[in-house]
Novice: 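Sharing a structure below in structure tokens format, with a few things to ask.
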Amino acid sequence: MDAYNAWFQCFGGCAGHYPLTEVIYTCPTCGGLLEVAHDMAVLKREPGAYWRGLFDKRYMRTEWPYGSSVWGKKELVCPVVHDDNVVSMYEGGSNLFWAEKLGREIGVDDLWVKQCGNSHTGSFKDLGMTVLVSMVKQMVFEGVRIPAVACASTGDTSAALAAYCAAAGVQAVVFLPRDKISTAQLLQPLANGALVLSLETDFDGCMKLVQEICHRENIYLANSINSLRVEGQKTISIELVQQFDWKVPDWVVIPGGNLGNVSALGKGFLEMQALGIIDRLPRIAVAQAHSANPLYRSFEKNFDSFEPIRARSTLASAIQIGNPVSGEKAIHTLKTFGGVVAQASEQELADAVARADRTGLFACPHTGVAFAALFKLIDEGTIQKSERVIVISTAHGLKFSEFKLGYHRDELQDWRVNPHYRNEPVVLPPKADAVKRAILDRVEANEKLTG
Ligand SMILES: *Cc1c(COP(=O)(O)O)cnc(C)c1O
Ligand SMILES: [Zn+2]
């Protein structure tokens, strides 16, 4: 794999290449975002059919590390890591769920949910973190001194960082906004031995602090300003077309907070197109919570400007971000992909989760934002009912049990949620008659509903 190469370069177009083993996050010329660029000329020596075949041959097999769906695309993701330095927990290969029943309810036959939360730490963050922590291991192997790796997080990035660092034997430091993440998300980095800093601020405050510390103390920064993570996350787009035998869907709907994931999705599609792996692009819809919607506001002004806001509290806590790091990349992606942005209120996202759950899913609140956005985009005719639509589910619902239980107990008054799809336990004496009555009541109610 020696011929394949990749490096950091300025996303805004300044000259200069920087090796992936250099500790660098922003362009030294303009201070803007970096991106990982691949030596496309070498990759293009092989036709698209070669790459499709290679990726299929490796997909979910056992040859280390290529069974991981991130490392199975290694030439296109991060060719500079030795296989021995890869830190992998068998990423990707997540279910592409045919949402037959939910789709039928909204008139869309071809609705699919990419279950990125069915993964080692329960969110898509694993896809990027395997690349970043593998690069750290490679750098240490090459003699770079990295005393610790740190991130600010709305909960899932820190869980992923802690797990991969624990496996690699590297100290993780996580900056969390106090009382703004779920119990499971707090527990995960604790269990994996991370240094957990619980700070009296919001995510944007944590982000500012971690950047300052990393800059001064030579600690490696693991937030998505570090564009290595984007390389792993872009395999979402590769894997989902792979799961359709390399056919491109019409729409991808994705929840957005810091906006690294939508940028990754777009990069994956564009590189596949450049290599002849696919021959067209999908359209992309980003879904934001009404309480944290800077991209939606920018979309309403045709992306003429992008202004950070102060994010308000939302049940979709992982996307409660007012000053997204990858705003500029996301806007570039949306312009290229005929993109749109839709937003969801707390009521809409909570009901969307419960409605999806009734059809067999177990959605997290962020996926609920995406579903609620989808319902609106269908209603207004932006997405046609005949189109093939994929919703990116970003985390496992089990990480958000407080939210889900709060909904069914009707305890989400702080967010003014009135649960339309509530399902409560029926408390009964242990008597056969009472149990029989309860079952018959439910069956009757169902029959009334279906007519
Ligand atoms: C990180 C995260 C997001 C947002 O992804 P960005 O890349 O920050 O836009 C959405 N949902 C969940 C569950 C997340 O953990
Ligand atoms: Zn620059």
Side-chain angles (χ1 to χ4, degrees), residues 8-18 24-35 114-119 121-129 151-161 176 180-182 184-185 188 203-204 207 222-227 229-230 232-234 236 253-267 284 286-289 292-295 311 314-330 333-334 341 344 349 353 363-371 373 391-400 403:
F8 291 122
Q9 67 185 29
C10 174
F11 180 69
C14 301
H17 290 182
Y18 312 93
I24 183 172
Y25 314 110
T26 51
C27 171
T29 310
C30 73
L33 294 168
L34 295 175
E35 66 176 348
K114 180 66 175 150
Q115 296 276 54
C116 298
N118 292 359
S119 70
T121 72
S123 85
F124 77 83
K125 299 295 199 295
D126 291 347
L127 300 168
M129 209 53 84
C151 74
S153 177
T154 52
D156 289 328
T157 299
S158 45
L161 179 68
L176 298 174
K180 291 193 177 68
I181 64 169
S182 75
Q185 289 171 323
Q188 287 180 292
F203 170 79
D204 295 303
M207 189 66 222
N223 278 100
S224 57
I225 191 172
N226 186 325
S227 50
R229 279 178 48 202
V230 164
Q233 288 172 203
K234 82 183 179 191
I236 292 176
V253 184
I254 183 169
N258 227 353
L259 304 175
N261 213 21
V262 59
S263 314
L265 195 75
K267 191 169 190 281
I284 294 180
V286 174
Q288 290 209 299
N293 63 353
L295 188 67
T314 169
L315 291 161
S317 49
I319 55 176
Q320 188 181 325
I321 296 173
N323 186 13
V325 161
S326 298
E328 187 195 338
K329 284 185 178 174
T333 303
L334 290 180
V341 185
L349 76 87
V353 164
C364 77
H366 323 87
T367 306
V369 171
F371 282 132
V391 172
I392 306 296
S393 175
T394 46
H396 201 295
L398 283 172
K399 285 186 149 196
F400 299 90
F403 153 73

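Since we're looking at a predicted model, the values are computed, not measured. Both counts, for ligands and for their atoms, begin at 1 and track the order of listing.
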Novice: Please examine the side chains of S317 and K180, heavy atoms only from C-beta on, and report whether any two atoms are closer than 4.5 Å.
Specialist: no
Novice: Under 3.5 Å, is there a donor-acceptor pair between the side chain of S153 and the main chain of L176?
Specialist: no
Novice: Would you compute the distance between atom CG of L33 and atom OG of S227 and round it to the nearest 0.5 angstrom?
Specialist: 8.0 Å
Novice: With side chains defined as the heavy atoms from C-beta onward, is the minimum distance between F124 and I392 less than 4.5 Å?
Specialist: no
Novice: Hey, are the side chains of L265 and T333 touching, using non-hydrogen atoms and a 4.5 Å cut-off?
Specialist: no
Novice: List, ordered by chain and residue number, the protein residues whose closest non-hydrogen atom lies under 4.0 Å from any atom of ligand 1.
Specialist: F124, K125, D156, G256, G257, N258, L259, G260, N261, A318, I319, H366, T394, A395
Novice: When you compare the side chain of V353 with that of F403, does any pair of heavy atoms fall below 4.5 Å?
Specialist: yes
Novice: Near the Zn ion (ligand 2), which protein N/O/S atoms are found at less than 2.8 Å?
Specialist: C10 SG, C14 SG, C27 SG, C30 SG
Novice: In chain order, what residues pass the side-chain contact (heavy atoms from CB on, under 4.5 Å) check against A264, with sequence neighbours excluded?
Specialist: V230, Q233, K234, N261
Novice: What pairs with E35 under side chain to side chain donor-acceptor pair (under 3.5 Å), at least two apart in sequence or on another chain?
Specialist: none
Novice: Quick check for you: to the nearest 0.5 Å, what is the distance between N223 atom CG and L161 atom CG?
Specialist: 9.0 Å
